[in-house]
Amino acid sequence: MLEEIYEETKDHMEKSIEAMKRDFATLRTGKVTTQIVDNIKVDYYGTPTPLNQVGSVVVQDATTIAINPWEKSMLPAIEKAIQEANIGVNPNNDGDFIKLFFPPMTVEQRQEIVKQAKQMAEKAKVAIRNVRKESNNKIKRLEHDKEISEDEMKRGLDQIQKLTDEYIAKVDESLKAKEADILKV
């Protein structure tokens with residue numbers, strides 16, 4: 001029974017880290033990536049559709065992303081979606097495709113993005129702690145219902161705390177790596 005709780009706890013904590021890494025991918029670093037526009041939804045005939053499903057999204061160089069829609073009639077909708085997403089650049093529509101020119105980041109912008117990364121990491125830590133609380137409650141319930149002994153409960157709570165510490169350390173490592181990537185000029 002405890003093993004099931006440990007596995008479930010690991011699984012949920014792993015998902016918290018994956019969610020944080022997905023969030024990190026949307027942050028801008030020194031060079032642009034297509035992941036910056038991953039969260040942008042375009043109104044495709046009344047349906048919010050991810051940008052990469054209405055056209056090809058390509059990084060042309062370290063500061064430029066080009067979006068080539070599959071239907072030229074989608075250009076205004078794509079342009080509007082990018083402006084509403086507020087990613088820090090205005091789309092340039094040349095009639096065939098849209099280009100996003102990202103200027104080099106200033107020190108202040110980099111520090112602001114690091115702050116966002118820290119908030120994302122803190123959100124992941126809170127999620128991990130919530131998983132710990134939930135798992136601890138399950139273990140205490142097992143002991144209360146006399147399905148495990150008090151000693152087993154204490155060992156179980158210790159094991160959950162070890163898992164929590166391990167995953168919090170993973171969050172810190174990921175944050176440190178992302179911070180270095182953002183601040184690297």
Side-chain angles (χ1 to χ4, degrees), residues 1-42 47-53 57 59 62 65 84-88 102 105-185:
M1 242 176 284
L2 287 176
E3 286 302 319
E4 284 177 28
I5 293 174
Y6 300 153
E7 284 307 310
E8 195 176 300
T9 302
K10 273 185 190 173
D11 188 46
H12 287 299
M13 288 182 177
E14 197 60 52
K15 284 180 180 163
S16 298
I17 290 199
E18 287 169 17
M20 177 192 66
K21 287 182 176 175
R22 275 193 309 274
D23 287 347
F24 277 179
T26 64
L27 295 175
R28 183 168 169 214
T29 58
K31 57 181 188 286
V32 296
T33 67
T34 58
Q35 292 167 323
I36 293 171
V37 296
D38 276 357
N39 293 336
I40 297 177
K41 301 274 191 258
V42 178
T47 307
T49 309
L51 182 60
N52 61 5
Q53 291 181 13
V57 180
V59 173
I65 292 178
E84 288 173 354
N86 196 16
I87 56 173
F102 290 85
M105 291 189 336
T106 63
V107 173
E108 293 82 18
Q109 286 173 316
R110 290 177 191 276
Q111 289 169 341
E112 192 57 40
I113 291 173
V114 166
K115 277 185 197 172
Q116 290 175 354
K118 286 180 179 176
Q119 289 171 344
M120 291 170 178
E122 193 52 43
K123 195 170 103 181
K125 286 180 182 181
V126 167
I128 288 169
R129 290 185 194 115
N130 286 338
V131 171
R132 173 187 63 190
K133 181 181 175 192
E134 205 175 288
S135 298
N136 284 346
N137 288 341
K138 286 179 185 175
I139 292 172
K140 288 174 184 173
R141 217 172 301 121
L142 287 176
E143 194 270 338
H144 182 266
D145 295 343
K146 305 281 187 241
E147 292 183 40
I148 60 172
S149 69
E150 192 173 330
D151 286 346
E152 286 176 307
M153 176 189 77
K154 287 181 181 169
R155 275 195 300 275
L157 296 178
D158 287 345
Q159 181 63 31
I160 295 296
Q161 186 57 47
K162 283 179 188 164
L163 284 172
T164 304
D165 294 342
E166 181 185 319
Y167 280 92
I168 294 286
K170 285 183 181 182
V171 168
D172 289 335
E173 283 172 32
S174 294
L175 175 62
K176 196 178 286 182
K178 188 64 177 181
E179 206 172 324
D181 196 22
I182 292 168
L183 294 174
K184 183 175 67 190
V185 180

Q: CZ/Arg155 to CD1/Ile139 distance, rounded to the nearest 0.5 angstrom?
A: 11.5 Å
Q: Is a salt bridge present between Glu150 and Lys154, judged by a nitrogen-to-oxygen distance below 4.0 Å?
A: yes
Q: If you look at every heavy atom in Ile182 and Met105, which pair is closest and at what distance?
A: O-CE, 4.2 Å
Q: Over all heavy atoms of both residues, which pair between Val171 and Ala121 is shortest? Give the atoms and the distance, please.
A: CG1-O, 3.6 Å
Q: Considering only heavy atoms from C-beta outward, does the side chain of Lys15 approach that of Val131 to under 4.5 Å?
A: no
Q: Roughly how far, to the nearest 0.5 Å, is the CG atom of Asn39 from the CD1 atom of Ile87?
A: 10.5 Å
Q: Report, as yes or no, whether the 6.0 Å neighbourhood of atom NZ on Lys123 holds more than 12 heavy atoms from other residues, nucleotides or ligands.
A: no
Q: When you check the side-chain N and O atoms of Asn130 and Glu134, is any donor under 3.5 Å from an acceptor?
A: no
Q: Would Glu122 and Arg129 count as a salt bridge (charged side-chain N to carboxylate O under 4.0 Å, His left out) if you check the C-alpha gap in whole Å, the side-chain angles of each, and the deciding distance to 0.1 Å?
A: CA-CA 10 Å; Glu122 193 52 43; Arg129 290 185 194 115; 3.5 Å; yes
Q: If we check side chain to side chain donor-acceptor pair (under 3.5 Å) with Gln161, which of these qualifies: Thr164, Asp165, Asp158?
A: Asp165
Q: Give the minimum heavy-atom separation between Ala127 and Ser16, together with the two atoms involved.
A: CB-OG, 3.5 Å
Q: Working to the nearest 0.5 angstrom, can you tell me the gap between Arg132 CZ and Leu157 CG?
A: 10.5 Å
Q: Are any of the side-chain heavy atoms of Lys176 and Asp172 separated by less than 4.5 Å?
A: no
Q: Taking all atoms of both residues into account, what is the closest heavy-atom pair of Ile65 and Thr33, and its distance?
A: CD1-O, 3.4 Å
Q: Does a side-chain heavy-atom distance below 4.5 Å link Ile160 with Ile5?
A: yes
Q: Report yes if some heavy atom in the side chain of Thr34 is under 4.5 Å from a heavy atom in the side chain of Asn52; otherwise report no.
A: no
Q: Would you say that Ser149 contacts Glu143 through its side chain, given a criterion of any heavy-atom pair below 4.5 Å between the two side chains?
A: no
Q: Any side-chain heavy-atom pair from Glu166 and Leu163 closer than 4.5 angstrom?
A: yes
Q: Please identify each residue that fulfils salt bridge (charged side-chain N to carboxylate O under 4.0 Å, His left out) with Glu8, with sequence neighbours left out.
A: Lys138
Q: Can you name the closest pair of heavy atoms from Met20 and Met120 and give their distance?
A: CG-O, 4.1 Å
Q: Give, for atom OG of Ser135 and atom CD of Gln159, the distance between the pair rounded to the nearest 0.5 Å.
A: 11.0 Å
Q: Report the residue from Lys162, Lys10, Glu14 that forms a side chain to side chain donor-acceptor pair (under 3.5 Å) with Tyr167.
A: Glu14
Q: Quick check with a 6.0 Å cut-off and a 45 degree axis cone: is Lys21 positioned over the face of Phe24's six-membered ring?
A: no
Q: In Å, rounded to the nearest 0.5 Å, how long is the span from NZ of Lys125 to CG of Leu175?
A: 7.0 Å
Q: Working to the nearest 0.5 angstrom, can you tell me the gap between Leu2 CG and Glu147 CD?
A: 10.0 Å
